[in-house]
Colleague: 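Have a look at the structure that comes next, please.
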Amino acid sequence: MQLYNTLSAKERAALIEEAGKERLTISFYKYARIENPELFRNHLFITWNELDVLGRIYVAKEGINAQLSVPAENFEPFKKHLDSISFLENVRLNIAIEQDNKSFLKLKVKVRKKIVADGLDDNTFDVTKKGIHVDAKKFNELIEDPDTVLVDMRNHYESEIGHFKNAVTPDVDTFRDSLDIIENDLKDHKVDKKLVMYCTGGIRCEKASAYYKHKGFQQVYQLEGGIIEYTRQVQNKNLENKFMGKNFVFDHRRGERITDDIISNCHQCGKPCDTHENCANEACHLLFIQCEECAKEMNNCCSTECKEIHALPFEEQKALRKGKTVSNKIFKKGRSEVLKYKK
Ligand SMILES: [Zn+2]
Ligand SMILES: [Zn+2]
């Protein structure tokens with residue numbers, strides 16, 4: 001039984017191109033009790049591999065978090081399979097705003113301790129006591145309320161390229177950090193203020209809202225389905241779009257444009273830009289914002305040092321990397337002294 005990818009990303013990209021068939025980028029999550037994540041993982045891999053589904057999926061005892069690319073022609077059988085799993089029946093599927101046939105090039109289903117690295121000890125609070133879920137219409141009303149504090153639950157590099165008007169955007173690298181910062185900022189307003197939160201697809205708010213309720217916040221709301229579902233509803237129901245810029249996403253696309261506003265700058269020259277790139281030096285791979293001119297000038301690298309290393313023959317680069325642990329820049333996404341214009 002094949003439980004792993006047999007094709008490289010490159011081979012897969014060529015196949016997708018050749019087939020010329022439309023694919024859908026979809027994400028969904030569900031907190032549910034999964035007794036045997038390994039078994040469930042294998043079942044998903046076998047079924048989805050047959051349907052030519054690609055993507056990154058995390059399975060844990062607490063549930064599933066999936067980001068996928070599904071051939072449009074296989075969407076029906078894929079949906080049918082989901083509905084055959086009791087806790088995934090009619091699960092809300094977030095369909096990407098901007099489609100890209102190569103959003104994912106492999107099928108990776110991984111068993112993890114948690115479906116989001118939230119850094120929380122779930123035994124200390126009741127994760128089922130969530131905040132009130134609101135749709136786009138209600139959300140728009142809520143965030144106009146002077147008693148509302150609107151909080152972006154994502155990390156700095158995500159909110160940097162796009163966020164809701166008037167949102168608090170904590171300058172954090174991890175979800176765990178933002179929980180503490182927000183609690184501290186709002187400690188005197190646990191009763192009188194409405195705490196309204198949002199994230200990419202809703203998953204981070206599921207835990208955050210329960211956590212804040214546990215911490216004594218009385219009025220906790222979360223945007224159902226996150227920015228992705230909000231955008232869909234705003235378009236379908238012709239509502240005012242209160243988001244500005246791009247929605248950062250965790251696949252090959254890196255971001256999907258929601259409005260034409262460009263709210264960030266190229267980290268190298270400072271001009272308006274909201275295109276995320278990874279430094280081309282394999283040993284660096286820093287995630288940062290780079291305009292086309294700087295990409296050309298710097299050969300897709302974040303610094304002159306990286307540019308020099310990147311220009312070396314592959315074997316020499318490998319020799320340089322030998323013995324060194326991978327730079328922590330990968331974890332410190334979008335932060336480096338070399339980025340002059342990173343705010
Ligand atoms: Zn630039
Ligand atoms: Zn670099």
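The chain is numbered in sequence order, starting from 1. Just follow the structure's listing: the first ligand is 1, and inside any ligand the first atom is 1. All values below come from the heavy atoms of this structure, side chains included, with hydrogens, waters and symmetry mates left out.
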Colleague: Please confirm whether the ring centroid of H267 lies under 6.0 Å from the ring centroid of H276.
Modeller: no
Colleague: Step through it carefully: locate the ring centre of Y230, locate the ring centre of F164, and say whether they are under 6.0 Å apart.
Modeller: yes
Colleague: What do you get for the angle at the Zn ion (ligand 2) between SG on C279 and SG on C302, to the nearest 10 degrees?
Modeller: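 Angle SG(C279)-the Zn ion (ligand 2)-SG(C302): 120°, rounded to 10°.
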Colleague: Only one of K114, K130, K30, K129 clears salt bridge (Lys or Arg N to Asp or Glu O under 4.0 Å) with E206; which?
Modeller: K130
Colleague: Under 2.8 Å from the Zn ion (ligand 1), is there an N/O/S atom belonging to C269?
Modeller: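 Checking the Zn ion (ligand 1) against C269, an N, O or S atom does fall under 2.8 Å.
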Colleague: Does any N, O or S atom in C301 come within less than 2.8 Å of the Zn ion (ligand 2)?
Modeller: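 Given the 2.8 Å cut-off, C301 does not count as a ligand of the Zn ion (ligand 2).
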Colleague: Ring centroid separation for F243 and F139, is it under 6.0 angstrom?
Modeller: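 When the ring centroids of F243 and F139 are compared, they turn out to be at least 6.0 Å apart.
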Colleague: Can you tell me, to 10 degrees, how wide the angle at the Zn ion (ligand 1) is between SG on C266 and SG on C294?
Modeller: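 An angle of 110° at the metal.
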